[in-house]
Amino acid sequence: MTPLLALLGAALCSLTMSAEVVPQADFDLQGVSGKWYLIGFATNAQWFVTRKATMKMGIAMLKPTAEGDLDLSYASLNSDGSCWRKNNLAKKTDVPGKFTYVCQRWGSVNDMLVVDVKYDEYALIYTTKTKTGQTTSVTKLYGRGEEVNADVMEKFRQLSLEAGILAENIVFLPKNAECPAA
């Protein structure tokens, strides 16, 4: 009976442990430089749950710095014609493909990992956001164009589910016009 209980205990422990998310091997910082369309977004955060129906595709511009950091800028056109913009400087870490930044707008500490990237096609990003002791996971699917193939969309869906995000909180954003240059 004791070996059976030990086996059951080990099985339960393995079910509750999530696989550690790691950045893509041989990550190329220069390869992610440039314009990306935000195609997919997923999180269980309450702000997203209440706003996901109104979110639309936006544009991210990624610029590597001389120090190896990543300058992130994002813009999305609102329905009233105004633009929602945000900028952050993601600092490199000792792990290639992993960056950290403090969101100036929300005050959250963010650990961002580029987990899968085909530099001319798509990038899957996994971020943990911590604010006032609470941590939430966010996954994003970026494309070099406004669309990616079904296999890439499924990779994003699987990453999101593995991150503990509920299926109903995995969204593929509708296309949107671009904001004018700032």
Side-chain angles (χ1 to χ4, degrees), residues 21-43 48 51-52 54-79 81-106 108-129 137-160 162-163 165 170-182:
V21 178
V22 295
Q24 176 168 306
D26 52 321
F27 172 75
D28 175 17
L29 180 63
Q30 296 302 320
V32 297
S33 180
K35 180 178 182 177
W36 293 90
Y37 292 86
L38 179 59
I39 295 171
F41 195 102
T43 183
F48 178 72
R51 290 180 184 85
K52 64 185 176 184
T54 61
M55 288 181 66
K56 293 188 177 171
M57 188 178 289
I59 304 292
M61 294 297 292
L62 307 183
K63 286 190 230 169
T65 69
E67 297 78 25
D69 299 329
L70 196 55
D71 186 20
L72 312 169
S73 63
Y74 179 79
S76 181
L77 187 65
N78 294 319
S79 58
S82 65
C83 285
W84 189 86
R85 298 179 190 273
K86 73 175 188 172
N87 296 287
N88 289 295
L89 180 63
K91 304 293 271 176
K92 70 178 181 179
T93 66
D94 293 339
V95 180
K98 181 178 180 182
F99 301 87
T100 186
Y101 64 95
V102 176
C103 179
Q104 301 304 314
R105 184 172 295 216
W106 310 118
S108 59
V109 176
N110 300 273
D111 289 318
M112 181 182 90
L113 291 85
V114 181
V115 296
D116 187 9
V117 61
K118 187 172 179 185
Y119 299 99
D120 61 346
E121 187 181 341
Y122 70 90
L124 296 176
I125 309 294
Y126 172 81
T127 305
T128 56
K129 297 176 175 274
S137 296
V138 176
T139 56
K140 295 179 184 178
L141 167 60
Y142 289 100
R144 288 293 189 180
E146 293 178 303
E147 297 177 5
V148 293
N149 67 45
D151 289 342
V152 172
M153 293 172 80
E154 181 58 22
K155 281 184 178 186
F156 169 69
R157 196 179 75 73
Q158 284 302 319
L159 172 66
S160 301
E162 288 167 12
I165 298 169
I170 302 170
V171 175
F172 294 99
L173 302 170
K175 291 179 185 175
N176 195 13
E178 292 184 31
C179 286

Minimum side-chain heavy-atom gap K155-L124 below 4.5 Å:
yes
Validation row: M153, R157 side chains within 4.5 angstrom (heavy atoms)
no
Just do the side chain to side chain contact (heavy atoms under 4.5 Å, CB included) check on L72 and N87 with the steps written out, would you?
CA-CA 6 Å; L72 312 169; N87 296 287; over 6 Å; no
L77 backbone acceptor or donor facing N176 side chain under 3.5 Å:
yes
Under a 4.5 Å cut-off applied to non-hydrogen side-chain atoms, are I59 and Y37 in contact?
yes
Any donor-acceptor pair under 3.5 Å linking the side chain of R144 with the backbone of Y119?
yes
Contact summary for V148 and E121, nearest pair of heavy atoms:
CG1-O, 4.1 Å
In terms of ring plane angle, is the pair F27 and F99 parallel, tilted or perpendicular, where the classes change at 30° and 60°?
perpendicular
Test salt bridge (charged side-chain N to carboxylate O under 4.0 Å, His left out) on E147 and K175 and set out the steps.
CA-CA 9 Å; E147 297 177 5; K175 291 179 185 175; 2.5 Å; yes
Which heavy-atom pair separates L113 from P23 by the least distance, and what is that distance?
CD2-CD, 3.4 Å
Answer yes or no: is there a side-chain heavy-atom contact under 4.5 Å between L70 and M112?
yes
Below 4.5 Å, heavy atoms only, C-beta onward: do I39 and E146 meet side chain to side chain?
no
Side chain to side chain contact (heavy atoms under 4.5 Å, CB included) between L141 and F172, intermediate numbers included
CA-CA 9 Å; L141 167 60; F172 294 99; 4.0 Å; yes
Out of curiosity, S76 OG to R85 CZ, how far, rounded to the nearest 0.5 Å?
10.0 Å
Taking T93 for the side chain and K98 for the main chain, is one N or O donor matched with an acceptor at less than 3.5 Å?
yes
Can you check whether K140 reaches L38 side chain to side chain, under 4.5 Å on heavy atoms?
yes
Closest approach of V115 and L159, non-hydrogen atoms and distance?
CG2-CD2, 3.6 Å
P174 and M55: which non-hydrogen atoms are nearest, and at how many Å?
CD-O, 3.4 Å
Report the distance from atom CH2 of W36 to atom CG of L62, rounding to the nearest 0.5 Å.
7.5 Å
Approximate separation, where rounding is to 0.5 Å, of Y122 OH and D116 CG
3.5 Å
In terms of heavy-atom contacts, Y142 and A60 come closest through CE2-CB, 3.6 Å
Output the distance between atom NZ (K129) and atom OH (Y101), rounded to the nearest 0.5 Å.
4.0 Å
Quickly, which of T128, D111, N110, D69 forms a side chain to side chain donor-acceptor pair (under 3.5 Å) with T100? Name it, please.
D111
Could you give me the CA-CA distance, side-chain angles and deciding distance for N88 and Y74, then say whether side-chain hydrogen bond (donor to acceptor under 3.5 Å, both in side chains) is met?
CA-CA 9 Å; N88 289 295; Y74 179 79; over 6 Å; no
Just wondering, are more than 12 heavy atoms of other shown residues or ligands nearer than 6.0 Å to NZ in K56?
no
Might you point out which heavy atoms bring S137 and Y126 nearest each other, and give the distance in Å?
OG-OH, 3.2 Å
